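Working notes, beginning with the structure itself.
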Amino acid sequence: MQLWQDGLVALLAAIGLASLMWAAVKAVLYAKPEQRQGVVALIPAQGDGDALEQQVHALERLRYEQGLFGLILLVDCGLSEEGKKLAKLLVKEDRWVSLCQKDEIADYFSGTHSFS
């Protein structure tokens, strides 16, 4: 009986140690770098924007965890009124999300439009 208890304690100690080591490695490997201000994620938004919210939130998580880009740009490629309402709500949620028309995309890259 004592051998079984010692084995269980050793197993739990090993799991705890492995968890601490993983936390340390994760902190080093996934350290949050500065967000790259010049890198933009483009999402062509159409119709009612069925998957638009999921796409934006997935990119927001990626931006938070990896810092790969600064701005998420929603491009109106034929949004309905319902889709436009959804896109405007997403823009209000996060200052790093913007909505534009197709002909305004170049303004975001030429510097004539602000990123915030």
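Just so you know, these numbers use all the heavy atoms, side chains as well, and skip hydrogens, waters and symmetry mates. In this text, all values refer to a predicted model and were calculated from it rather than measured experimentally.
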Report the distance from atom CD of Gln5 to atom CD of Gln2, rounding to the nearest 0.5 Å. 5.5 Å

Could I get the full list of salt bridge (Lys or Arg N to Asp or Glu O under 4.0 Å) partners for Asp94, not counting sequence neighbours? Arg63

What pairs with Ile15 under side chain to side chain contact (heavy atoms under 4.5 Å, CB included), at least two apart in sequence or on another chain? Leu11, Ser19

Could you pull out all donor-acceptor pairs under 3.5 Å where a side-chain atom in residues 40-56 meets a protein atom, sequence neighbours excluded?
residue : atom : partner : partner atom : Å
Asp48   : OD1  : Ser80   : OG           : 2.5

Do any side-chain atoms of residues 70-77 form donor-acceptor pairs under 3.5 angstrom with protein atoms, and if so which ones, sequence neighbours left out?
residue : atom : partner : partner atom : Å
Asp76   : OD1  : Gly78   : N            : 3.0
Asp76   : OD1  : Leu79   : N            : 2.8
Asp76   : OD2  : Gln101  : NE2          : 3.3

Contact between Val97 and Glu60 at the side-chain level, heavy atoms closer than 4.5 Å - yes or no? yes

